[in-house]
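Note sheet for the following structure.
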Protein chains: 2
Amino acid sequence: MQNYGDYFRALREAKNMTLREVEKQADVSNAYLSQLESGKVKQPSPLTLHKLSEIYGVSYDLLMEKVGYPVPERKEKVKSESGKTSIAYRVGDISDDEELELLNYLKFIRNRKK
Amino acid sequence: MQNYGDYFRALREAKNMTLREVEKQADVSNAYLSQLESGKVKQPSPLTLHKLSEIYGVSYDLLMEKVGYPVPERKEKVKSESGKTSIAYRVGDISDDEELELLNYLKFIRNRKK
DNA sequence: TCGGTTTGCTAAGTATTGCAAGCAAATATA
DNA sequence: TATATTTGCTTGCAATACTTAGCAAACCGA
């Protein structure tokens, strides 16, 4: 995993693009791209990876994983009508009692504001 | 959220943890955590966010989005004018301000019975 | 009250991301 | 051949993530 620079270079060359072409489209300097491809960059920022993923047509997740960032779990359950998952999702794990109190408090907040 | 430092602080206090407790579990210095919570850090690394997400029991995705990193594409993800993920995707109809209030109230709840 | 411990914070330092400028070799154009 | 342009690369720099060391106030038991 030391040499994902080669991987980025392969992606670019597969698209027959020059460093300066990628620079223009991704708004990332050709200097930095060169460093990236020669293994002199350890962990490019998620934003940079996101731009490159769009240009090269590979998934953002894949690039995140390539450079060693934790990758979000896919099976995250995220939606609920009752609001339980939703509140825990934003506030952290909570007990049923706490959930009830929070929902009541949320109601209080909203009535107060009116 | 402009100052997500408050959010991280609320998460920690809702768990009744000290900076040094989080430091131990996350292997992130208490000094840096303090800077993070007081808004002196712009974009903590994905690895740091991942560790904190596990300790605080919130989703890694949520923290990534909070600090402004691109989040992996999801099926029906819709962007609002502000660029943030829309309410339709976000679970529950909870604003950032409400979220902070809920976290602070949760902290109150948990300290109350001691 | 006193001495130790806890807690949050700041200061200073290291390492890395990413950029602007510019160099050297290859390639194109005359 | 001679000149200009393209291409990848290196150097020096600013910004920032993150650490170690340590300070000041609050806390706590004797």
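Please read these numbers as outputs of a predicted model, since none were measured by experiment. Chain naming here is simple, since letters A, B, ... match the order of the sequence lines and numbering starts at 1 in each.
- With contacts defined as side-chain heavy-atom distances shorter than 4.5 Å, the pair B:M64/B:P46 qualifies.
- In this structure, CD of B:Q35 is placed 10 Å from P of C:dC9, rounded to the nearest angstrom.
- For the pair A:T48 and C:dG18, the criterion of a side-chain N or O lying under 4.0 Å from OP1 or OP2 is met.
- For B:R9 and C:dC9, the shortest distance from a side-chain N or O to OP1 or OP2 is below 4.0 Å.
- Contact annotation for A:S29: base contact, defined as any heavy-atom pair under 4.0 Å involving a base atom.
- For the pair B:N30 CG and D:dG22 P, the computed distance is 14 Å after rounding to whole Å.
- When rounded to the nearest whole Å, the span between CD of A:E37 and P of D:dT10 equals 12 Å.
- At a threshold of 4.5 Å between side-chain heavy atoms, the hydrophobic network of Ile, Leu, Val, Met, Phe, Trp and Tyr places B:Y60 and B:L47 in two separate groups.
- Rounded to an integer number of Å, the gap from B:F8 CZ to C:dG8 P is 17 Å.
- Atom CG in B:L19 sits about 20 Å away from atom P in C:dT5, given to the nearest Å.
- For the pair B:V58 and A:R90, the minimum side-chain heavy-atom distance is 4.5 Å or more.
- Within 4.0 Å of A:T18, counting heavy atoms only, lie sugar-phosphate atoms of the nucleic acid but no base atom.
- Each of A:A31 and B:L47 lies near DNA chain D, and the nucleotide nearest A:A31 is the one positioned closer to the 5' end.
- Within the 4.0 Å cut-off from OP1 or OP2 of C:dT10, at least one side-chain nitrogen or oxygen of B:K40 is found.
- Between A:Y32 atom OH and C:dT16 atom P the separation is 12 Å, expressed in whole Å.
- Taking atom NZ on B:K24 and atom C1' on C:dT6, their separation rounds to 12 Å, with Å as the unit.
- Between D:dG8 and A:R12, a contact under 4.0 Å exists linking OP1 or OP2 to a side-chain N or O.
- Looking at heavy-atom distances under 4.0 Å, A:S45 makes contact with sugar-phosphate atoms alone, never a base.
- Between the CZ atom of B:R20 and the C1' atom of D:dG22 there is a distance of 10 Å, given to the nearest Å.
- The side-chain heavy atoms of B:T18 and B:V22, taken from C-beta on, include no pair separated by under 4.5 Å.
- Contact of the B:K107 side chain with the B:K15 side chain is not registered, since no non-hydrogen atoms from C-beta on lie closer than 4.5 Å.
- Among the protein residues, B:Q43 comes within range of the sugar-phosphate backbone only, with heavy atoms under 4.0 Å from sugar or phosphate atoms but none that close to a base.
- Taking 4.0 angstrom as the limit, B:S38 places none of its side-chain polar atoms (N or O) nearer than this to OP1 or OP2 of C:dC9.
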